[in-house]
A.B. asks: 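Here it is, the structure in full.
Hydrogens, waters and symmetry mates play no part in the numbers below; they use all other heavy atoms, side chains included. Order of the sequence lines fixes the chain letters, A, B, ..., with proteins taken first and strands second; residue numbering starts at 1 for each chain.
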2 protein chains.
Amino acid sequence: MISTGRNAALAGRPEGLEQLRSLLDTALRALGDAALKRGGPVAPGGPEAAVAAVHEALGGGRLLADEPSAQRVTELFEAYARWAVDLTHPSAVARMQCAPTAASAAAELLAAALNQSLHAWESGPFALELERRLVRELASWVGFGAQAGGTLTPGGSISNLMGLLFSRERALKDTGAVSATGLAGRPVRPRILASAAAHFSVARAAGFLGLGRSAVVKVPVDDRGRMLTGEARRIVEGFDADEVPVAVVATAGTTDHGSFDPLPELADLAAEYGIWLHVDAAYGIGALFSPRLAPLLDGLGRADSVAFDLHKFGWTPASSSVLVVRDRTHMECLDEQAVYLNPSDDESLGFTALLGTSLQTTRRSDAFKMAATLLTVGREGMGDWVDACHEQARYAAGRIAAADGLELVADPLLTTVIFRCAGADGTPAADESALNAAVRRKLMADGRALLARTNVAGPDGTPRVHLKLVFLNPTTTEADIDALLRDVSAAARELAGR
Amino acid sequence: MISTGRNAALAGRPEGLEQLRSLLDTALRALGDAALKRGGPVAPGGPEAAVAAVHEALGGGRLLADEPSAQRVTELFEAYARWAVDLTHPSAVARMQCAPTAASAAAELLAAALNQSLHAWESGPFALELERRLVRELASWVGFGAQAGGTLTPGGSISNLMGLLFSRERALKDTGAVSATGLAGRPVRPRILASAAAHFSVARAAGFLGLGRSAVVKVPVDDRGRMLTGEARRIVEGFDADEVPVAVVATAGTTDHGSFDPLPELADLAAEYGIWLHVDAAYGIGALFSPRLAPLLDGLGRADSVAFDLHKFGWTPASSSVLVVRDRTHMECLDEQAVYLNPSDDESLGFTALLGTSLQTTRRSDAFKMAATLLTVGREGMGDWVDACHEQARYAAGRIAAADGLELVADPLLTTVIFRCAGADGTPAADESALNAAVRRKLMADGRALLARTNVAGPDGTPRVHLKLVFLNPTTTEADIDALLRDVSAAARELAGR
């Protein structure tokens with residue numbers, strides 16, 4: 001049925017449509033079977049079994065096969081589905097990675113079959129107008145006005161990178177020290193202020209941009225990971241003459257606590273010193289949908305750039321990341337005029353595209369699947385889902401606080417819960433850390449639960465391994481959470497030999 | 001049938017699978033209907049009609065709707081498909097953007113529904129092992145050995161950016177001038193050699209990396225756009241003491257002529273001066289699949305890094321870009337150890353992922369769809385398809401050379417053909433340029449054909465607008481090409497009033 005080799009079908013041709021239908025049947029069957037065979041959020045067996053599963057699915061052979069095979073493709077589909085992490089399983093609470101809506105998944109099929117791109121008018125005229133409209137709307141979500149601009153990006157790290165790129169262009173073009181036009185003039189030390197709890201992609205971006213990872217000054221935080229504005233101010237005021245403040249990076253929804261840096265205070269500071277304010281709201285954007293949680297984002301509209309991911313709190317598949325800027329003239333450093341892509345005589349007649357908003361040239365149409373989720377779930381539905389996840393976290397925290405052998409670190413701020421399995425009285429902290437790490441690995445290898453881990457400083461300041469739950473699935477119930485916590489406690493008892 | 005609002009379905013849940021099936025029926029129906037309604041490679045009407053189509057599909061409303069609507073989603077699917085550029089249409093010959101195989105499109109559906117990521121073991125254990133295997137195999141394609149490394153990226157521009165990042169780390173860390181650890185020491189002028197025909201993303205990447213666009217030295221080319229090694233050598237030998245050669249960027253398959261820089265000679269030069277050799281084979285990688293064309297890539301294995309796109313010549317949807325390096329130790333600048341993602345105790349037990357190979361954190365599983373195409377088409381099939389596209393270009397060139405009123409620029413090297421519609425004798429060059437640009441726009445706005453354009457210098461050195469055909473669809477026939485060229489000639493006659 002599925003033709004191979006030189007006779008393989010292209011998706012958009014009439015014969016391809018028939019074969020696509022048949023392949024989608026295979027895919028849907030694989031999806032349905034996988035949940036049954038898997039029996040948990042991931043197949044049991046751990047890393048070795050996963051490696052073996054790929055090897056077996058490929059028959060140990062090469063991907064660019066000498067003998068193309070429809071059977072091999074079917075087996076790969078089945079193995080991929082069976083070995084996938086099931087993000088709809090209530091015990092998949094490890095990563096900031098959401099289960100997508102059916103509508104967004106179906107939109108991705110259409111996007112894949114049609115393979116539109118956004119870099120020239122004739123590479124996807126509808127797709128690019130859809131992105132334009134979506135970006136305008138996304139900018140309005142964060143409180144930006146008519147002067148705003150932005151783009152979709154492949155992920156939060158690249159969204160942060162772009163925000164910092166614009167800040168570098170603004171801060172250092174004027175000094176003539178490091179700029180898009182080269183390294184010249186007197187040496188300066190660029191400085192980016194970010195909290196100690198900021199995402200590691202901020203420092204990595206500073207490295208990529210030639211500012212150096214050491215450009216990032218880590219501002220102290222309170223006990224929930226919130227940047228202390230007073231400390232930030234003290235740092236800025238103490239800069240030497242050759243230290244150039246490039247950006248303040250505020251985090252809205254930190255990875256661990258889901259805490260929010262004080263945006264209004266940081267906006268005041270940034271305005272006072274003329275520093276670019278970038279807000280990493282990759283995870284925290286969820287609060288925007290919930291009338292109850294939205295005040296956490298007060299001040300967001302005063303940022304110069306905001307990054308956020310709808311593949312975290314937006315129930316669309318990656319890549320669904322967003323970078324919006326308050327004033328789109330700051331995106332001009334991306335402008336490209338290529339005689340073969342966007343000549344001015346074509347542009348003046350409306351044959352325009354989105355080449356000048358992105359680090360990319362060919363770029364997939366991510367707006368389409370995002371639109372499918374937004375249209376299907378709607379404003380109130382998104383808010384209800386975020387609230388549901390927030391309630392799950394609060395419920396889990398309550399159960400953990402009440403449980404024997406589990407120690408809650410703090411009440412949830414958004415949808416994460418940090419806790420640990422306590423060792424017996426007098427257990428050295430290192431052994432307790434090892435226990436928690438082992439509990440997590442055992443649950444993963446058994447295919448029973450996927451939790452995250454992180455470090456929290458103990459009373460003596462030494463980092464101790466903790467466990468973390470990330471709730472992003474609105475369908476999870478209290479009974480599901482009870483079952484998850486029972487599994488955690490049972491694994492801890494077994495490993496501690498109690 | 002399709003539930004909305006807070007009751008909207010997640011793809012992986014049992015009720016979601018049912019709704020996904022129904023939505024995929026809608027998508028397939030939209031795909032089938034679109035080809036009929038469109039009647040050409042794109043819907044007629046040009047830019048204004050495309051903007052109006054998006055507006056109408058959304059009912060003029062917001063995407064994050066107050067009233068979620070299944071009907072609106074269906075209409076968006078239909079409009080997206082109807083307004084998509086049909087890459088399987090034989091007159092869609094504008095961009096380096098391929099029609100994907102049915103197998104790769106179906107794989108994308110599975111990938112979207114399951115939303116795996118590659119940044120932590122528990123975000124996609126099978127997906128990340130599949131990428132590891134694919135990258136090893138891709139590195140072997142270009143002739144790299146066991147020490148090779150690499151990653152999939154969102155596109156060719158980012159693949160080039162990564163190759164140049166590694167070259168910057170190698171060249172400038174040692175000088176202490178610009179490095180991942182900051183800007184310090186004496187000023188230097190970094191230099192990147194690339195041909196005048198290299199892709200604009202090279203200069204753009206130099207800007208992003210803080211080297212400055214002016215770091216790129218444009219090496220002269222021959223009349224087919226091939227870098228002149230003697231000129232490159234002369235430039236390197238003439239560098240001042242403060243000029244630091246960072247990289248030589250060779251292009252394998254230029255955007256216009258599809259010409260190949262002399263890789264063996266440039267590898268010699270790079271080796272002699274200890275300069276990083278990056279090869280941009282985004283388009284030219286296709287030659288690798290064809291025994292007849294493969295010699296064009298001789299010397300590729302001597303590069304330090306190679307970028308190539310399977311969303312150009314690999315019949316998979318974007319994003320399917322690749323960056324491979326000969327020695328993976330050069331990727332160490334990407335290493336990240338995040339306590340919550342890849343702690344060493346987990347890694348030592350096999351719970352590893354691909355965080356340290358990428359600019360990204362959350363990263364979609366692009367290997368899966370690429371595997372689906374490779375397994376389905378196979379080595380010989382890929383070669384046959386590339387050869388078919390090459391033959392199409394040769395056939396088209398022959399017809400153009402023989403046609404009244406069309407002027408061929410040169411014989412095709414890979415799968416592009418550059419030509420122009422000639423004005424009547426004595427037509428000023430500017431008028432002829434305007435005619436060619438207008439022919440292209442008319443064919444686009446009429447929905448009859450999508451061609452590319454570029455500039456070629458006339459006898460007096462002034463750039464003149466030319467038309468370009470890019471053949472990437474193996475199913476196109478000689479009759480299709482005849483019809484396309486008839487359309488071009490007819491449009492030219494009509495616009496020239498002949």
A.B. asks: Contact part of A:L134 toward chain B, heavy-atom cut-off under 4.5 Å: side chain, backbone, both or neither?
C.D. replies: both
A.B. asks: Using 0.5 Å steps for rounding, measure from the CG atom of A:D66 to the CZ atom of B:R379.
C.D. replies: 4.5 Å
A.B. asks: For chain B, which candidate among A:L334, A:L24, A:I2, A:T454 shows the most heavy-atom pairs at distances under 4.5 Å?
C.D. replies: A:L24
A.B. asks: Quick one: what part of A:D384 sits under 4.5 Å from any heavy atom of chain B, side chain, backbone, both or neither?
C.D. replies: side chain
A.B. asks: Under 4.5 Å between any side-chain heavy atoms of A:F200 and B:V339, yes or no?
C.D. replies: no
A.B. asks: Passes side chain to side chain contact (heavy atoms under 4.5 Å, CB included), A:V85 versus B:S123? Steps please.
C.D. replies: CA-CA 7 Å; A:V85 167; B:S123 63; over 6 Å; no
A.B. asks: Show your working on side chain to side chain contact (heavy atoms under 4.5 Å, CB included) between B:L58 and A:L375 and close with a plain yes or no.
C.D. replies: CA-CA 9 Å; B:L58 300 175; A:L375 288 172; 4.1 Å; yes
A.B. asks: About how many Å separate CG of B:D256 and OH of A:Y340, when rounded to the nearest 0.5 Å?
C.D. replies: 7.5 Å
A.B. asks: Who among A:A53, A:G16, A:S321 has the most heavy-atom pairs with chain B under 4.5 Å?
C.D. replies: A:A53
A.B. asks: So how far is it from B:L161 CG to A:F208 CZ, rounded to the nearest 0.5 Å?
C.D. replies: 8.5 Å
A.B. asks: Given side chain to side chain contact (heavy atoms under 4.5 Å, CB included), test B:T361 with A:R204 step by step and report yes or no.
C.D. replies: CA-CA 11 Å; B:T361 308; A:R204 203 168 54 171; 3.3 Å; yes
A.B. asks: If we define contacts as heavy-atom pairs under 4.5 Å, which of B:E108, B:R72, B:R133 has the most with chain A?
C.D. replies: B:R133
A.B. asks: How long is the span from the CG atom in A:L359 to the OG atom in B:S157, to the nearest 0.5 Å?
C.D. replies: 8.5 Å
A.B. asks: Please classify the contact between B:A35 and chain A as side chain, backbone, both or neither, with a heavy-atom cut-off of under 4.5 Å.
C.D. replies: neither
A.B. asks: For chain A, find which of B:E48, B:H55, B:R82 contributes the most heavy-atom pairs closer than 4.5 angstrom.
C.D. replies: B:H55
A.B. asks: By a 4.5 Å heavy-atom criterion (distance strictly below it), what part of B:M370 contacts chain A: side chain, backbone, both, or neither?
C.D. replies: neither
A.B. asks: Counting heavy-atom pairs under 4.5 Å with chain A, which one of B:Q19, B:M382, B:Q116 comes out on top?
C.D. replies: B:Q116
A.B. asks: Which atoms of A:A111 are under 4.5 Å from chain B, going by heavy atoms: the side chain, the backbone, both sets, or neither?
C.D. replies: both
A.B. asks: Name the region of B:A113, side chain, backbone, both or neither, that has any atom closer than 4.5 Å to a heavy atom of chain A.
C.D. replies: both
A.B. asks: What option among A:A11, A:A9, A:G12 has the most heavy-atom pairs under 4.5 Å with chain B?
C.D. replies: A:A11
A.B. asks: Quick one: of B:G381, B:P100, B:P125, who has the most non-hydrogen atom pairs under 4.5 Å with chain A?
C.D. replies: B:P100
A.B. asks: At a 4.5 Å cut-off on heavy atoms, which part of B:R363 comes close to chain A: side chain, backbone, both, or neither?
C.D. replies: neither
A.B. asks: Which one, A:L110, A:T373, A:L450, leads in non-hydrogen pairs under 4.5 Å with chain B?
C.D. replies: A:L110
A.B. asks: So what's closer than 4.5 Å to chain A heavy atoms on B:L165: side chain, backbone, both or neither?
C.D. replies: side chain
A.B. asks: Which atoms form the tightest heavy-atom contact between B:L20 and A:A105, and what is the distance?
C.D. replies: CD1-CB, 4.0 Å
A.B. asks: Measuring heavy-atom distances to chain A, does B:A434 have an atom under 4.5 Å in its side chain, in its backbone, in both, or in neither?
C.D. replies: neither
A.B. asks: Testing the basics here: between A:P474 and B:L10, what is the closest heavy-atom pair and its distance to 0.1 Å?
C.D. replies: CD-CD1, 4.2 Å
A.B. asks: Going from CG on A:L114 to CG on B:L31, what distance comes out if it is rounded to the nearest 0.5 angstrom?
C.D. replies: 5.0 Å
A.B. asks: Report which part of A:L87 has an atom under 4.5 Å of a heavy atom belonging to chain B: side chain, backbone, both, or neither.
C.D. replies: side chain
A.B. asks: How many angstroms lie between atom OG1 of A:T362 and atom CD1 of B:I158, to the nearest 0.5 angstrom?
C.D. replies: 11.5 Å
A.B. asks: What pair of heavy atoms forms the shortest contact from A:F77 to B:A103, and how long is it?
C.D. replies: CZ-O, 3.7 Å
A.B. asks: Is B:E137 reaching over with its side chain to a backbone N or O of A:R62, donor-acceptor style, under 3.5 angstrom?
C.D. replies: no
A.B. asks: Kindly give the heavy-atom pair with the smallest separation between B:V73 and A:A372, and that separation in Å.
C.D. replies: CG2-O, 4.0 Å
A.B. asks: Write down the atom of B:N115, the atom of A:Q97, and the distance for their closest heavy-atom approach.
C.D. replies: O-NE2, 3.0 Å
A.B. asks: With a 4.5 angstrom heavy-atom cut-off, is it the side chain or the backbone of B:S358 that approaches chain A, or both, or neither?
C.D. replies: backbone
A.B. asks: For chain A, which candidate among B:V51, B:V42, B:D309, B:T26 shows the most heavy-atom pairs at distances under 4.5 Å?
C.D. replies: B:V51
A.B. asks: Against A:E122, only a single residue in B:K468, B:R453, B:R441, B:R95 fulfils salt bridge (charged side-chain N to carboxylate O under 4.0 Å, His left out); can you say which?
C.D. replies: B:R95
A.B. asks: Tell me, out of B:L63, B:L28, B:V377, B:T352, who's got the most heavy-atom pairs with chain A below 4.5 Å.
C.D. replies: B:L63
A.B. asks: Checking heavy atoms, do the side chain of B:D345, its backbone, both or neither come under 4.5 Å from chain A?
C.D. replies: both
A.B. asks: In this structure, are over 12 heavy atoms from other groups packed under 6.0 Å from A:E336 atom CD?
C.D. replies: yes
A.B. asks: Over all heavy atoms of both residues, which pair between A:L17 and B:G32 is shortest? Give the atoms and the distance, please.
C.D. replies: CD2-CA, 3.5 Å
A.B. asks: Among A:S69, A:A50, A:A79, A:G155, which residue forms the greatest number of heavy-atom pairs with chain B at distances under 4.5 Å?
C.D. replies: A:A79
A.B. asks: Check the pair B:M444 / A:W121 against side chain to side chain contact (heavy atoms under 4.5 Å, CB included), numbers first and verdict last.
C.D. replies: CA-CA 10 Å; B:M444 284 199 283; A:W121 186 86; 3.8 Å; yes
A.B. asks: Using non-hydrogen atoms and a 4.5 Å limit, figure out which bit of B:L349 sits close to chain A: side chain, backbone, both or neither.
C.D. replies: both
A.B. asks: Based on non-hydrogen pairs under 4.5 Å, which of A:W83, A:W385, A:F368 is most in contact with chain B?
C.D. replies: A:F368
